[in-house]
Asker: 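Below is a structure I'd like to ask you about.
Predicted model, so just to flag it, every value in this text is computed and none were measured. So that the names make sense, note that chain A is the first sequence line, chain B the second, and so on, each numbered from 1.
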Protein chains: 2
Amino acid sequence: MSDHSDARSRFLRLHDALRTRICMLDYPPGTRLSEETLAAEFGTSRTPLRRVLARLEDEGLVISQHGVGTIVTDVDAEEMARTYDLRRELAGLVGRLSPVPVSDEIIKEAADFLDAGKILLKQPDTRALAELNMDYFHFGTSLTNNLALREMSERLYYRTARIWLTATPRLDLAEETAIFVSELRDSFQALVARDGQAAADVRRAHISLCIARLNRHMA
Amino acid sequence: MSDHSDARSRFLRLHDALRTRICMLDYPPGTRLSEETLAAEFGTSRTPLRRVLARLEDEGLVISQHGVGTIVTDVDAEEMARTYDLRRELAGLVGRLSPVPVSDEIIKEAADFLDAGKILLKQPDTRALAELNMDYFHFGTSLTNNLALREMSERLYYRTARIWLTATPRLDLAEETAIFVSELRDSFQALVARDGQAAADVRRAHISLCIARLNRHMA
DNA sequence: AGAATTCATGTTGTGCACAACCTTTACAGC
DNA sequence: GCTGTAAAGGTTGTGCACAACATGAATTCT
């Protein structure tokens, strides 16, 4: 009943696919996306695809220029730092604005994330880490019933997701994985204690630390 | 050099026009917007207009249904309350995240807003009040250099702007005007003291009070 | 009379052809 | 060799015709 609309579900599918490719650097900044090529790949015409690209442009992931092309945006270090500042604050708000009561289901999910992280420790992989991080982020926003807060957090997340991946080559993958797993562990313990605010604070603190690491390796 | 693109500037113009009409209740919730009629009014074809409507749908102001129409969304009291919660927090953040130094220019603007408010005191008018409030909101967001914070604040503002106007008939116009002018006064004094954080706190407090008034008159 | 059905009407979604535009390249003039 | 210019190729933006769909009214059958 929710996805009865064929057009809407296709739109969401294409949007998600392209957004993931951009955030995972399958399309690095500067890549020119051809409407016709993409339309052919997804088996549709340019018209529906243009709507997807328009939304990606609204979200700041691409920019279309008449006669030139649709180009994946570059990440401006200064603006990304500001965006991270806001993301940090929103992460803290998840614990205060309409937090969902911590259920056994939620604790189970957190445990699963921790297990997945531990596996990654033994076999480090940049992309797998990035994907797990993305899934875990969605789990984090699901801890509030404030829809607007979820929406804004996700919007900002996707805008900054690439910066970490671009910096990764200069960072230590094993170290980054270890740091992430320790966040999962802290978060899990907070949730076991049924303390949603503590879980949000864990997240907030780790975003702060991430900002610091990025600053250190940028300058 | 910024708006050299004809298509983009037209898009922004149409988007702003329709958004204003929706937020000012020229198009009350439930109104069906005809793509063809609007296209004719703005002297273009459906294609560029559809992009505008698509963005309005992303912003949650309308919803398009195949074969039915594009309908102005209704405001859900519960979700609006949550959105106001977030708006309040963001208003406070304006004073903390990359605040712009308070300049003479800014103080002058605040003084102008206060004057305009005083004029409105003698001749109360719902729409004029709403428009002044909208202008003043933009002034408020301009007090931070954090672009993401500005963007999210505006996005949420336009989503909640209608709730106040729909409640106005049940509120006291003269009282609402007086409250708004007192906010302008407090804000002006904070800025004269070159205290941007205080100005943000004034805003934050008034949003809290507005939430309380709306709750009182809803239930 | 009532109910199911068909049809007429109006709406959004899609595909296609063409216009507007930018970039690059080839070429002619100097 | 250099520069200015024009032409070619490729890209996004626009307009239009038609498909897909939902709704309500007219109609027909029971």
Asker: How many Å lie between CG on B/L49 and P on D/dT14, as a whole number?
Answerer: 11 Å

Asker: Side chain of B/S64 only, please: which of C/dG15, C/dG13, D/dT14 is the nearest?
Answerer: C/dG13

Asker: Sort and list the pairs that fulfil salt bridge (Lys or Arg N to Asp or Glu O under 4.0 Å) and have at least one residue in residues 67-81 of chain A, not counting sequence neighbours.
Answerer: A/E78-A/R82

Asker: Please determine if A/E59 and B/R155 form a salt bridge, counting it only when a charged side-chain N lies under 4.0 Å from a carboxylate O.
Answerer: no

Asker: Please give, in whole Å, the distance from C/dT12 C1' to B/I63 CD1?
Answerer: 13 Å

Asker: Check this for me: does any side-chain nitrogen of one of B/E57 and A/R8 sit under 4.0 Å from a carboxylate oxygen of the other?
Answerer: yes

Asker: Take atom CZ of A/R46 and atom C1' of D/dG10, then tell me their distance rounded to the nearest Å.
Answerer: 11 Å

Asker: Whole angstrom is fine here: how far is it from CZ in B/R50 over to C1' in D/dC16?
Answerer: 13 Å

Asker: Rounded to the nearest angstrom, tell me the gap between atom CG in B/L14 and atom P in D/dG13.
Answerer: 15 Å

Asker: With a 4.0 Å cutoff (strictly under), does any side-chain N or O of B/T47 reach OP1 or OP2 of D/dT14?
Answerer: no

Asker: In residues 68-75 of chain A, which ones come under 4.0 Å of DNA chain D, going by heavy atoms?
Answerer: A/V68, A/G69, A/T70

Asker: Got a sec? Which of residues 31-39 of chain B come in under 4.0 Å of DNA chain C, heavy atoms?
Answerer: B/R32, B/L33, B/E35

Asker: We want to know whether B/T70 and B/S64 form a side-chain donor-acceptor pair, criterion being a heavy-atom distance below 3.5 angstrom.
Answerer: yes

Asker: Check whether any side-chain heavy atom of A/L38 sits under 4.5 Å from a side-chain heavy atom of A/E41, and report yes or no.
Answerer: yes

Asker: Look at the side chain of B/R150 and the backbone N and O of B/T144, then say whether any donor-acceptor pair between them is shorter than 3.5 Å.
Answerer: yes

Asker: Verify the distance criterion only: is there a donor paired with an acceptor across the side chains of B/R162 and B/T73 at less than 3.5 Å?
Answerer: yes

Asker: In whole angstrom, give the distance that lies between atom CD of B/E57 and atom P of C/dT12.
Answerer: 11 Å

Asker: A/H66 has an atom NE2; how far is it from atom C1' of C/dA19, in whole Å?
Answerer: 8 Å

Asker: How many whole angstroms separate atom CZ of A/F42 from atom C1' of C/dG15?
Answerer: 18 Å

Asker: Answer yes or no: is there an ion pair linking B/R50 with B/E35, defined by an N-O contact shorter than 4.0 Å?
Answerer: yes

Asker: Is there a donor in the side chain of B/T141 and an acceptor in the side chain of B/Y157, or the other way round, less than 3.5 Å apart?
Answerer: no

